[in-house]
Number of protein chains: 2
Amino acid sequence: MEKKNVTIKDVARKAGVSVPTASRALAGYGYVKRETREKVLKSAKNLGYQLNFVAKSLRTRKTQTIGYLLPDITNPFYAGIARGIQDVSFTRGYNAIICNNDNDILKTQQLFKMFIRNRVEGVIYSVPFNEALSEIVEIVKNNGIPVVNCYGSTRAPASDVVTGNVSEGCYKATMYLLELGHRDIAFLKVRGSGINARRLEGCKKAFEEFGLHVHPNLVIEADDFTQHSGYLNTKIMFAQSKRPSALFAFNERLAMGVLKAAKELGIVIPNDMSLIGVDDIMAELLEPPLTSVAIPTYEAGRTAASLLFNRVEKGNNELPVRHMLVEELLKIRASTGKADQE
Amino acid sequence: MEKKNVTIKDVARKAGVSVPTASRALAGYGYVKRETREKVLKSAKNLGYQLNFVAKSLRTRKTQTIGYLLPDITNPFYAGIARGIQDVSFTRGYNAIICNNDNDILKTQQLFKMFIRNRVEGVIYSVPFNEALSEIVEIVKNNGIPVVNCYGSTRAPASDVVTGNVSEGCYKATMYLLELGHRDIAFLKVRGSGINARRLEGCKKAFEEFGLHVHPNLVIEADDFTQHSGYLNTKIMFAQSKRPSALFAFNERLAMGVLKAAKELGIVIPNDMSLIGVDDIMAELLEPPLTSVAIPTYEAGRTAASLLFNRVEKGNNELPVRHMLVEELLKIRASTGKADQE
DNA sequence: AAGTAATATGATAACGATATCATAAATAAA
DNA sequence: TTTATTTATGATATCGTTATCATATTACTT
């Protein structure tokens, strides 16, 4: 009653056929007489046989597995992407090995090598830029494994890339603020973030359409994307200069920090100041519900997986490099309003 | 420049040794002369050799992989557990295959069978009870695979179980409310949830210590654990009966729904009513910051993984069944206050 | 110097499946 | 009937490693 470990050999013997015949019967592939197949299937069922996927993988050189590298699965942004990848994978009969790199390059290297050793058929990653990233991604590709970058560093090489129309999303949001009459709009971005830089581009474009320019003093650079950082920078900004009529934070956590600081300072949103965020994970649940640029993480994950499976099926080098965009939408809620009429 | 696919055979040939010797050198196992090892390692490095883990797994019957089944990775509660499992696994050189069942029993069966086919060395699950769950869990166990239940259905069999001291956590929270002078305390639970039933037990115990009883009318059963459900039930309750002086929702989403309903009804928390939640995922970020019973999901995941690896190492049947508790703590914030003095 | 133990290496088998090929039986075509 | 084709089955090789065992070499003991 301990371990059973039924192999196809047992199934074949019990059914009175050879191993290859049993294999064909179970796989439903090639020529097998109807009654033979039934005998084999019955035998398999009786013995409680479960295919050994490890052996199959070795022989067929297909592991039906892909790897996904992200910074941290407890970050809902990445969890959304992960879920999209998992769903597409599940439908195709694949598994995804999901690993956290905690933005640690040493871990990144370890994990990518692990992916290679495990002979994953493809890799998706969503990690920010790092000097050593390009190198290790190149190694993965040299091992014949297609790589898709999903909202990760655009500076690292990949077969295909999925990102949002980040500058357009922010363009729309800024246009919306401008149309509400706001002119003194502050932007809270994270220093060193390539995506945030592109977000700011979109905002500048909107200003230009109004014949205006973003005031450099109103572009604030946070050290990181934590709530605390948003809180701190807001406090500092409001202590130093005139309060802007609207604030656009390029990240939801930052926006939550702004919200908290504003509350403490007695600034009522949206009456005293409008606020826009990005991400749209908790936005609807905040007080007030936050107007924000929604990132369709689930769709991004699905798209990345689809691109990857295209390459897995067609052979990596058959296809040209593709760059797919998912649409970031402005969701208008209660944290924005018309500018003061003074 | 296409696929390289370097095997240990190539490494051995280039180093001028036999394959088994190369294997020993690379694994750092058994007798290998110092210079031989160096030759092999150099050869491996030059060729860009990466061990084929599939082949190794087949031979050693160790896949260094475990499976984790959860309802949905985008739910931060499960993401926390997943992260704990992943971290312990990573440290041990294992991978976790994480799969969502969406509370669908058909998927559950498919996924558990997939775990068996993939020859995972252990399985952890966090899924609610379902008639067919016991059956499939039993099949997994019969295949010699240890199973650990982490905050899942306690009615399904498993080698080991990890849960929180759920009734104690709620006992503490209720004691706190009682000590603040509250007597009309409403409880919002989810119908059919075994864990929520145990939570209520803890609350009742606290009442008994005060020589009181929970009023049955003040135990409200929600259909599910969504924010909407919390919102709806609050509206209904407040329309029908006298408003309680405190409300205890056994789930954060429910509590957020209560918060929203209260806001709409002009009920100020905590002045007009105290509110306590469970989970403590976003609690700190809500307005007002929510007093709640914190579930240490990350720790629970780590604990579950540790239990599992004990069995993986020691052999499944060597160890007695263990039930580990992680401590749920009451975090006091701004949503609770003294009862009215009327 | 002889015997024993430790070290080092390789030949062979095995893990559990599928791929490839050869051959036999059944069926269709001439 | 003969030949060609389709269907059915099994023998054998193979995927890339490690386990097991046998043997050769070196290093210690006495």
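Chain naming here is simple, since letters A, B, ... match the order of the sequence lines and numbering starts at 1 in each.
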- Query: B:Thr36 side chain N/O closer than 4.0 Å to the phosphate oxygens (OP1, OP2) of C:dA8?
  - Reply: no
- Message: Tell me the interatomic distance from A:Asp10, atom CG, to C:dG16, atom C1', rounded to whole angstroms.
- Response: 11 Å
- In whole angstrom, give the distance that lies between atom NZ of A:Lys9 and atom P of C:dA14. 8 Å
Check nucleotides 25-28 of chain C against the protein and report each pair of N or O atoms closer than 3.5 Å, with its distance, or say if there are none.
none

- Query: Quick one, which residues of residues 13-33 of chain A touch DNA chain C with a heavy atom under 4.0 Å?
  - Reply: A:Val19, A:Pro20, A:Ser23
- Identify the heavy atoms of B:Thr65 and B:Tyr94 that sit nearest to each other, and give their distance. N-CD2, 3.4 Å
- Rounded distance (Å) that lies between atom P of C:dC15 and atom CD1 of A:Ile8: 15 Å
- Task: Run the salt-bridge test on A:Lys14 and A:Asp10 with the 4.0 Å N-O cut-off and return the result as yes or no.
- Result: no
- Message: Check A:Arg34 with A:Glu38, please: is the shortest side-chain N to carboxylate O separation under 4.0 Å?
- Response: yes
- Message: Tell me the closest heavy-atom pair linking A:Ala79 and A:Ile73, and the distance in Å.
- Response: CB-O, 3.6 Å
- Just by distance, with hydrogens left out, do B:Tyr68 and B:Ser126 show a side-chain donor and acceptor under 3.5 Å apart? yes
- Heavy-atom closest contact (A:Tyr125 atom, A:Ala156 atom, distance): OH-CB, 3.2 Å
- Between B:Leu26 and B:Ala44, which heavy-atom pair has the shortest distance, and what is it? CD2-CB, 3.9 Å
- Note on the structure: Between B:Glu121 and B:Gln64 the two heavy atoms that sit nearest each other are OE2-N, 2.6 Å
- Message: Output the rounded distance in Å from CZ (B:Arg117) to P (C:dT18).
- Response: 12 Å
- All heavy atoms of B:Pro71 vs all of B:Asn101, minimum pair found to be CA-OD1, 3.2 Å
- Enumerate the residues from residues 50-64 of chain B whose closest heavy atom to DNA chain C is under 4.0 Å, giving them by residue number; use none for an empty result. B:Leu58, B:Arg59, B:Arg61
- Item | Any side-chain heavy-atom pair of B:Ile66 and B:Ile85 under 4.5 Å | yes
- Query: Is a salt bridge present between B:Arg92 and B:Glu313, judged by a nitrogen-to-oxygen distance below 4.0 Å?
  - Reply: yes
